[in-house]
Amino acid sequence: MHCCGDFPFFFFFFFFLLYFYQVLTMAAASEEPDADGSVLFGQLQGTVVGLRYYTGVVNQGEMVGLVREPQNPYDRNAVMVANIYGNQVGHIKRELAAAMAYVMDNKLAKVEGVVHYGTKNKFNMPVMLSFWGKEENKNTVVESMLRRGYKLNTGGIKSAGTYILSLVSALLYSYVLDIVTKEAFLCFQLKNAFDNLFEGLMESKDGEKEASVATPLLLHQKQALSWMCSRENKCTLPPFWEKRGDLYYNTLTHFSAREVPERVRGGILADDMGLGKTLTTIALILTNFHNGKPLPVEMSVSVNNMKQCKCGEYTNQNTSSQNNEQNSNSNLCNLCPYDAESTVLLEDLDFAAALSGSTSDAGFKKKKTNKIWARVDKYLKTDLLHLLIPCLNDCLLLLSSVNLQDQFEQHVHANVKLNVYLYYGSERNRSKKFLSSQDVVITTYNVLSADFENKSPLHGIHWLRVVLDEGHTIRNPNAQMSKAVLQLKAQRRWILSGTPIQNSVKDLWTLLAFLRLKPFDVREWWNRVIQRPAMQGDRAGLQNLQTLVKCITLRRTKTSEVNGRPLVSLPEKMVCVEQVELNQQEREEYELARNEGRSTIGRYVAEGTVLRNYADVLAILMRLRQHCCHPDLLAKISSDLGAAATPAELRERLVEKLRLVLASGSDEECSVCLDSVCLPVITHCAHVYCRPCIAKVISTQQGTARCPLCRSDIKETELVEVPLEEMEDESSTHAKKWRTSSKVQALMGNLLRLQSEDRSIKCLVVSQFTRFLSILETPLREHGFSFVRLDGTMSQKKRAQVIQDFQSSAANSPSIMLLSLKAGGVGLNLTAASHVFLMDPAWNPATEEQCIDRCHRLGQKRKVVVTKFIVKDSVEENMVRIQRKKQDLVEKAFGSANTDKKTSRIDDIKALLEL
DNA sequence: ACCGCCGGGTGCC
DNA sequence: ACCGCCGGGTGCC
């Protein structure tokens with residue numbers, strides 16, 4: 001890695017110092033920045049009083065929470081002390097509370113408490129308080145506490161010798177810290193940690209399961225299904241809990257409680273893309289889809305024969321005896337004795353029942369079925385069987401933009417009547433009663449989030465199961481979407497995600513909070529116990545994080561093996577590049593544009609102003625790329641570089657540039673948040689950022705704000721966004737007489753050849769330019785191809801329709817899909833197509849890969865052929881070269897620093913024009 | 001709480 | 001004694 005490799009010596013020393021610090025000062029003041037950039041200001045022994053008034057108890061070494069109580073009628077400075085379950089233990093002594101209240105209320109520091117001894121005291125007990133906050137507030141906090149007579153112990157007890165040593169090391173430490181940035185340090189530490197995080201998740205989990213999906217499950221999917229079932233049903237303790245005597249003890253926080261800790265009924269299915277997470281989940285839904293009706297015959301008989309529960313209701317077979325909301329709410333079946341073992345067995349019955357619908361693996365099935373039925377016989381005579389029927393059958397699925405409904409239709413047996421409702425579109429049925437009567441409700445994160453604003457029916461329903469497809473969507477806990485998701489009420493919760501951690505450990509919190517993994521669903525405990533230690537590179541912290549993830553996550557990659565065999569064997573994929581030669585006229589036009597652009601960019605490079613004129617550079621490249629595809633793609637306004645006459649003109653020009661930058665796909669990342677740009681705005685110096693990100697930069701730099709990329713002055717009022725009427729007026733392309741281009745002809749030649757070979761072949765035709773797709777429609781129509789089109793501008797409903805049409809195997813179904821490169825989420829399933837034509841190279845090779853994966857994935861029966869059209873002797877050829885370099889870069893870099901990006905971008909531009 | 005603090009009872013040695 | 005001292009009641013914030 002670039003940033004780390006340059007300073008081996010410093011790193012060595014750095015780690016030595018870090019180690020030194022940790023050993024020497026232990027829990028005492030280390031200056032390590034924590035997750036939020038907080039540092040430990042110091043510690044202080046305090047007193048918790050009033051123990052006898054409260055029921056909350058703590059164990060030796062237990063962490064406690066400190067909560068301000070400004071409304072306390074006796075003292076508005078009151079600070080409450082509570083254990084992890086939020087049970088009050090006592091209060092902080094009055095005078096100390098007064099000092100702390102000032103610090104806490106002004107957010108100068110966060111205070112954390114640990115009780116090391118005196119936990120058996122009757123009236124009060126000592127508590128070790130740690131003050132954490134931003135470096136710049138340290139002095140204020142220390143002084144303010146000192147003023148009230150409380151001295152923060154900042155260094156622990158040191159002898160003179162170690163004091164000097166640590167002083168020296170502190171100096172060096174800050175020196176090193178200046179050189180290698182925080183990111184560099186973290187990337188070094190975390191890279192390995194992340195690599196290991198999911199290690200050990202691949203081991204084969206116990207057993208496999210059959211299911212009543214029409215599509216036979218693959219071995220690894222059966223394993224996943226079995227794992228999911230056991231996660232929902234087995235009564236194993238959550239991670240870090242132990243039974244000690246008659247108490248349940250949390251080994252990390254040292255908290256203990258008499259009641260069984262609430263289990264996580266669900267988890268994270270983090271299999272790689274294309275391993276069939278969705279199919280497995282559908283199978284899971286079907287395993288306990290009974291609702292009285294669709295039970296297979298044999299089972300129905302058994303059901304009729306068996307006794308009902310005394311209370312006259314069938315209850316969910318999967319509800320565990322403890323702390324189940326259903327039970328505690330309605331007291332339905334408290335009388336029925338059942339334990340962990342029988343729950344599992346009963347749940348096996350489901351599978352036995354469901355098996356009769358399935359067709360695969362006859363020998364295996366038979367054996368297993370017999371075994372299960374032996375158990376059925378054993379259990380038939382007991383009162384337990386009523387548990388087979390779930391009371392709740394609602395299941396909510398959330399997803400980004402995926403054709404999930406098709407997958408239900410495709411995979412679910414025709415004899416299983418499953419009510420699936422798509423909850424989106426303006427006409428959606430918002431009746432709670434109606435939604436509750438569905439078996440499955442599918443919606444999108446956006447709809448959920450929009451509903452959340454004003455009494456959402458989805459939030460009023462108690463779901464049996466909530467599944468988050470592409471669950472990493474909620475990784476930002478501050479997003480409305482995430483908040484909306486966290487508020488959903490459900491018994492069982494699942495997250496499907498190929499990439500549960502994208503940037504940092506932080507990404508995990510919302511996921512754990514969604515799963516209600518106590519106590520880490522409360523931010524403070526997550527930060528204290530997991531995130532901060534892990535970010536600091538603390539071994540135990542990382543170990544804990546790994547254990548935690550391991551317990552609730554199943555992850556396999558495409559290269560994983562079960563019993564020595566690869567998990568999936570996808571049909572072969574062939575990628576070939578087809579060179580396209582421009583005809584003479586096209587070549588002349590291209591050369592003209594290229595020479596012009598080359599001299600312009602050459603000037604920028606010589607002046608060192610490439611970044612300042614970034615938009616122009618991109619515009620030039622864009623024009624060249626458009627030349628390669630079709631002459632009519634070129635924007636009608638040739639943006640001359642002269643000064644804008646009026647503000648309106650300047651604005652129009654900026655909008656145009658922003659469009660170009662966005663369309664070019666080269667700058668999808670905002671340099672501030674390093675994430676893909678949301679709410680894109682362009683500065684007057686023509687650099688693109690997320691509006692919130694750049695607004696923050698401007699507001700923090702009060703009046704002197706400079707563009708993070710080129711250091712030009714920027715103002716909030718000068719940010720320009722693309723007006724809503726985004727789409728180009730189609731008339732301009734239609735008005736002119738349609739003409740062909742070399743690339744169009746290359747494509748048509750291929751399509752016609754394929755059609756003559758095999759009429760059933762379906763193709764994806766992919767371009768970054770939606771206008772190019774429009775141009776392609778004309779020759780497709782002329783040759784009588786039946787095609788559909790999918791681009792980003794289409795509504796959710798329309799997309800679903802288009803995908804369904806295209807995936808259909810009916811004889812008159814469309815054989816070609818015109819697909820805009822960026823349209824559709826990662827989960828999009830277009831397996832009906834076996835040929836992919838990439839009309840123009842993308843800057844980001846991953847985008848192309850993703851696009852290919854939409855059809856080269858599970859369910860693909862044919863060999864996949866990918867054809868990339870590249871114009872010979874053009875900017876496109878150079879782009880391919882840069883792509884390769886980029887891929888290497890991405891693989892090596894981990895959170896690559898901004899500076900690297902800048903230089904590599906300039907290098908890219910130079911390479912493109914062979915400068 | 002085997003403390004501190006409060007306030008009433010009390011008052012030479 | 002407008003004090004000190006004693007001993008009982010009492011006790012988080």
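Being a predicted model, the structure only gives us computed values, none of them experimental. Convention: sequence-line order gives letters A, B, ...; per-chain numbering from 1.
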Roughly how many Å is it from CG in A:Leu96 to C1' in C:dC12, rounded to a whole number?
13 Å
How many whole angstroms separate atom CZ of A:Arg94 from atom C1' of C:dC13?
6 Å
Which pairs, protein N/O on one side and nucleotides 1-5 of chain B N/O on the other, fall under 3.5 Å?
| from | atom 1 | to | atom 2 | distance (Å) |
| --- | --- | --- | --- | --- |
| B:dA1 | N1 | A:Arg52 | NH2 | 3.3 |

So A:Thr236 and A:Arg263, do their side chains get closer than 4.5 Å, heavy atoms only?
no
Base of C:dC12 paired with side chain of A:Tyr74 (donor-acceptor, under 3.5 Å):
no
Applying a 4.0 Å non-hydrogen cut-off, can you work out what A:Lys93 is touching in the nucleic acid: base, sugar-phosphate, or nothing?
sugar-phosphate
List the residues meeting ring pair (Phe, Tyr, Trp, His ring centres under 6.0 Å) with A:His459, not counting sequence neighbours, and say none if there are none.
A:Phe452
Euclidean distance, atom NE2 of residue A:His91 to atom C1' of C:dC13 [Å, nearest integer]
4 Å
Separation between the C1' atoms of B:dA1 and B:dC5, rounded to whole Å
12 Å
Between A:Arg516 and A:Glu262, is there a side-chain N and carboxylate O pair less than 4.0 Å apart?
no
Spacing of A:Arg532 atom CZ and A:Ile530 atom CD1 [to the nearest 0.5 Å]:
12.0 Å
How many whole angstroms separate atom OH of A:Tyr53 from atom C1' of C:dC13?
10 Å
Show your reasoning for whether side chain to side chain contact (heavy atoms under 4.5 Å, CB included) applies to A:Asp451 and A:Thr443.
CA-CA 11 Å; A:Asp451 265 21; A:Thr443 190; over 6 Å; no
Starting at NZ of A:Lys110, measure out to CE of A:Met104 and round the result to the nearest 0.5 Å.
11.0 Å
Provide the Watson-Crick or G-U wobble partner of B:dC2, both distances under 3.5 Å; none if there is no partner.
none
Expressed as a whole number of angstroms, how long is the span from A:Glu69:CD to C:dC12:P?
14 Å
When we call it a touch if two heavy atoms are under 4.0 Å apart, what does A:Leu51 touch: a base, just sugar-phosphate, or nothing?
nothing
For B:dG8 and B:dC13, measure between their P atoms and round to the nearest Å.
25 Å
Output all residues satisfying side-chain hydrogen bond (donor to acceptor under 3.5 Å, both in side chains) with A:Arg244, sequence neighbours left out; order by chain, then residue number.
A:Glu242
Pairing partner (Watson-Crick or G-U wobble, both distances under 3.5 angstrom) of C:dC12
none
